[in-house]
Amino acid sequence: MRLKRTHYIEKLNKEFIGKEVIVSGWVLRRRDHGGVIFLDLRDRTGLLQVVFEEGLDPKIHELADSIRIEYVISVKGLIRKRPPGMENPKIPTGEIELVASDVEILNTSKTPPFPMDEDLSEVSEVVRLKYRYLEMRALDGLKPFIFRHQVNQTIREFLNNRGFLEIETPFLTKSTPEGARDYLVPSRLYPGKFYALPQSPQLFKQILMVAGVDKYYQIVKCFRDEDLRADRQPEFTQLDMEMSFVDENDVMILVEELLAYLFEKVLNITLDTPFPRISYEDALRYYGTDRPDIRFDMKLKELSDLFKDTSFKVFRSVLDSGGVIKGLKAPANFSRKELDELTGFAQEMGAKGLAWIKYNKNAKSFEEKWSSPIVKFFEKPVLEKLEETFNPLEDIATFFFVADREEIANSVLAELRIHLAKKLNLVPEKKFSFVWIVDFPLFEWDEEENRLVSVHHPFTHPKEEDIPLLETDPLKVKSRAYDIVLNGIEIGGGSIRIHKKEVQKKIFELLKISPDEAEEKFGFLLTALEYGAPPHGGIAFGLDRLIMLMLGKKSIREVIPFPKTQRAQCLLTGAPAEVKIEQILELHLLPGWEKKKEN
RNA sequence: GGGGCUGUAGCUCAGCACGGUUAGAGCGCCUGCCUGUCACGCAGGAGGCCGCGGGUUCAAGUCCCGUCAGCCCCGCCA
C-alpha cells in the first residue's frame, strides 16, 4: 500500500481546507463528466466527494476513469472548499471536497448484486444474507451492528460500575434433561459420549454464586436446537446475570435501572420506572397471555357469569361442560366481510367460532342499539349488563366473544386483541412498554409425559409460604420467578434460585427425576449446594430481541451479523455441510463404536 | 410434523384467473460523448433453464401433480 490513510472521513471538515490528506475506502458512486470525474468515497465513518480534474493531472484522471463502483482506493489530495452553490447539504462533508493529486487502486470489485447506496429493505433476504458482507458495507449497513456494540458496551459499563464481574462459562458442557433440545458435540476421546452446547449458563452461574462471585454477568451465546421464528435463532445471545444475597425485588429494581440507563444513553429515551408488575394470573385474565402488549388497552373480560342463564346453545354447551366465555371490545364498526375474516382468524387460532355484537350507543331503539345474529338469544338485562361491563366510552363498538376451554378462549382472544389493535392502528409507534410478570406457578401438568414440568426451570425457588403445598398440591405452588415483557415480546426471565439441597431434591422428585438421574445430571450442583451456597437469583435477557425492539426491526436476523434461515442454514457459508468420512469415523459416529470401545 | 404466502434479467417487479408471434418495465451493467455533478445528463448496447422435475395440450412463464428454496405462523422453544 503506497498511500497510507491519514484521516477517517468523518474527521474532515472546513478546518482542513488547504491541507493535504489521504483517505481510503470504497467507491459508492461515480459521476463521470469527461474532463472531470466525481467519486463518492466512503469509509466506515462517512462519505466524501473526490474530484479528478483532467487539467490537474491527465494521468491520474485517466486512472480514475477506470475506477468502478466498490473499487477499493486510497486517494491523496488537498481538501478544498466547494465552489459557491455546489455544496451538498445532504452529507456532513458537503461543504468540502478532496481534489485528487494521487490515487492508488487497492482492489477492483465485481458489480455488487444490489445497490450499495439505497435502503436495502426491499432486497430479498436470500440475496442479502448470501452477500451479508456487502449489505453491511453498504450505506448505513453497519448501523445495527454499531448500535449493538454500543448496547453491549453500555451494559458492561453499567454492570461494571455496580460491581459485577464478567466471567466466561464453557460452551462444551453437559446435556441436561428438561428444556430445549440440545446441540450435541461428539467426543473424539470418549466413544459414544457427547458434549452439549449450553441452552444457557444457568448451572454455571449458580456455581459461581457458590464460588463467592457475588455479582456475575456475561454477554454470551446460547444454543437451542428447536425450530426457528422471526425472534428465534438456534444460536442467540443472552445477557446473563446472577447475584447473591438478593430477593426478587432487588433483581427487578437493578434491571429497571439498567434498562433506564441503557435507553437514556443509546436512544435518548427516558423510561418510566418502576415498570408495572402483573401477576401471571392477571396477565391471563386481562390479556389472555403471559406476555401482554400493554401499549394499548382492550382488556379481555370474563363473561361466563353474565351469560350463566343464557339459552344460546353455543354458550350454553360450553358453560355446561366447564368452559368459559370471554370477550373484548373493539372501538370500531366492522363490515360483514371483515367480521367473516375475523371469524376465520379466530378459527385459525383454534376457536370453533367467533361471536360478535355490534353496539351503537346513541341508537334510538333497543333494536338498533344492538345488532347481531345472536342478539335475539339474549334478554335485555343481559345486554344492559354487557354494556355496563364494557362501559364503552365510544359511540360505536363491536364486542367479540369466544366460548371454549379457558386456555383456548384466552389464547384466541390474545391473538385477536393484537390483530384488532394492529388493524385499527391502536398500537402506538415508538412506545416502549415494559411489564413484569410475576407469581408464576412453579409447575404445570404435562399431558404427554403425564408428569409435572417446571414452568421456568427446575432450579426456581418456590414461594416460601407455598413450600408446604409441595407435598399436598404442587400445582398450587407459586414460584419466585419473573419475566420481563416489552411490547408483547418476552425479552427476559429469571428467578430466585433454590440454594438448599433438600428443596432441590424435593423438586427433582416432583419432576419425576430419579435420585440417580439427578445425581448423574446435576450431582455437581447438588454437591455445591452442600458447601455453603448463598441465597441467590438472577435473570437472563434475550439480547437479540431487546436490540431488535430498540431498533424497531421485525426480526432478530436484522441485528445478527450472520444469522441462519428458518431451515437453520447459513446462506453465507452453506452450513450445515457434509464432512469427510474420516472425521465421522474419528468421532465414533458410525455403528460399531461400542465394539471399538471394548477393544 | 402441519397451515399460509412467495420464486420471471444482477436487483425490484409486471405478465399467469381467460394457454397462442421474438417474455416486458424501472434501476443496475457495458460502450461512446460531456469540466461542476452529487440518485449527473445524453446516445447506443448487452443481459432470461420464467426455481427444478414430470404431466395435460397442436402449443405451458401461464393449467395439473411432485419437489426444492425463502418468509410468516401452529406444534416445539424448562
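Remark: C42(B) base-pairs with G32(B); criterion is Watson-Crick or G-U wobble with both hydrogen-bond distances under 3.5 Å.
Taking only side-chain nitrogens and oxygens, R68(A) comes nearer than 4.0 Å to OP1 or OP2 of U31(B). Neither OP1 nor OP2 of U37(B) sits under 4.0 Å from any side-chain N or O of R31(A).
Residue T460(A) is classed as having no contact, given no heavy-atom separation below 4.0 Å to the nucleic acid. I69(A) comes within 4.0 angstrom of the backbone, heavy atoms only, and of no base. Contacts of E490(A) with the nucleic acid, taken as non-hydrogen atoms under 4.0 Å apart, are absent.
Residues of residues 74-82 of chain A having a heavy atom closer than 4.0 Å to RNA chain B, listed by number: R80(A), R82(A). Of the residues in residues 412-424 of chain A, not one places a heavy atom less than 4.0 Å from an atom of RNA chain B.
One can place CZ of F114(A) at 15 Å from C1' of C27(B), the figure rounded to the nearest angstrom. Atoms CZ (R557(A)) and C1' (C72(B)) sit 9 Å apart, rounded to a whole Å.
Ranking C76(B), U35(B), G28(B) by closeness to the V36(A) side chain, first place goes to U35(B). Nearest to the side-chain atoms of R29(A) among the listed nucleotides C73(B), C40(B), G36(B) stands C40(B). The side chain of A180(A) lies closest to C77(B) when the candidates are C34(B), C77(B), G1(B). Which of C11(B), U37(B), U35(B) sits closest to the side chain of Q49(A) comes down to U37(B). Side-chain proximity of S555(A) to C72(B), C77(B), U31(B): nearest is C72(B). Checking U12(B), G36(B), C73(B) against every side-chain atom of M86(A), the shortest atom distance belongs to G36(B).
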Listed pairs, N/O of protein and of nucleotides 2-7 of chain B, under 3.5 Å:
none

For nucleotides 67-70 of chain B, tabulate all protein N/O to nucleotide N/O atom pairs closer than 3.5 Å, reporting atom names and distance.
residue	atom	partner	partner atom	Å
A69(B)	OP2	R567(A)	NH1	3.0
G70(B)	OP1	T565(A)	OG1	3.0

Worksheet item: Hey, mind stepping through F345(A) and H419(A) against ring-ring contact (aromatic ring centres under 6.0 Å, His included) and telling me if it holds?
Response: CA-CA 9 Å; F345(A) 177 83; H419(A) 184 75; 3.9 Å; yes
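Evaluation of atom-type donor-acceptor distances gives a pair under 3.5 Å for the side chain of D32(A) against the base of C34(B).
Between the side-chain ring of H33(A) and the base of U37(B), no stacking contact exists by the 5.5 Å and 30° definition. Here F38(A) packs flat against the base of U37(B); its ring centre is closer than 5.5 angstrom to the base's six-membered ring, tilted by less than 30 degrees.
Scored by the side-chain contact (heavy atoms from CB on, under 4.5 Å) test, V123(A) finds F114(A), L120(A), V127(A), R128(A) as partners (sequence neighbours excluded). Residues forming a ring pair (Phe, Tyr, Trp, His ring centres under 6.0 Å) with F16(A) (at least two apart in sequence, or on another chain): H7(A). Scored by the salt bridge (charged side-chain N to carboxylate O under 4.0 Å, His left out) test, R545(A) finds D231(A) as partners (sequence neighbours excluded). In this structure K501(A) satisfies the salt bridge (charged side-chain N to carboxylate O under 4.0 Å, His left out) test together with E530(A), sequence neighbours excluded. The side-chain contact (heavy atoms from CB on, under 4.5 Å) test applied to T237(A) returns R148(A), I219(A), K221(A), L543(A), D544(A), not counting sequence neighbours. Taking D290(A) as the reference, Y280(A), F440(A) meet the side-chain contact (heavy atoms from CB on, under 4.5 Å) condition, with sequence neighbours excluded.
Each salt bridge (charged side-chain N to carboxylate O under 4.0 Å, His left out) pair with one or both residues in residues 194-208 of chain A, not counting sequence neighbours, appears once here: K205(A)-D240(A), K205(A)-E242(A).
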Using residues 73-80 of chain A as the side-chain source, report each donor-acceptor pair under 3.5 Å to any protein atom, sequence neighbours left out, with the distance given to one decimal.
residue	atom	partner	partner atom	Å
S74(A)	OG	L3(A)	O	3.1
S74(A)	OG	S24(A)	OG	2.5
R80(A)	NE	E97(A)	OE2	3.2
R80(A)	NH2	E53(A)	OE2	3.3
R80(A)	NH2	E97(A)	OE2	3.0

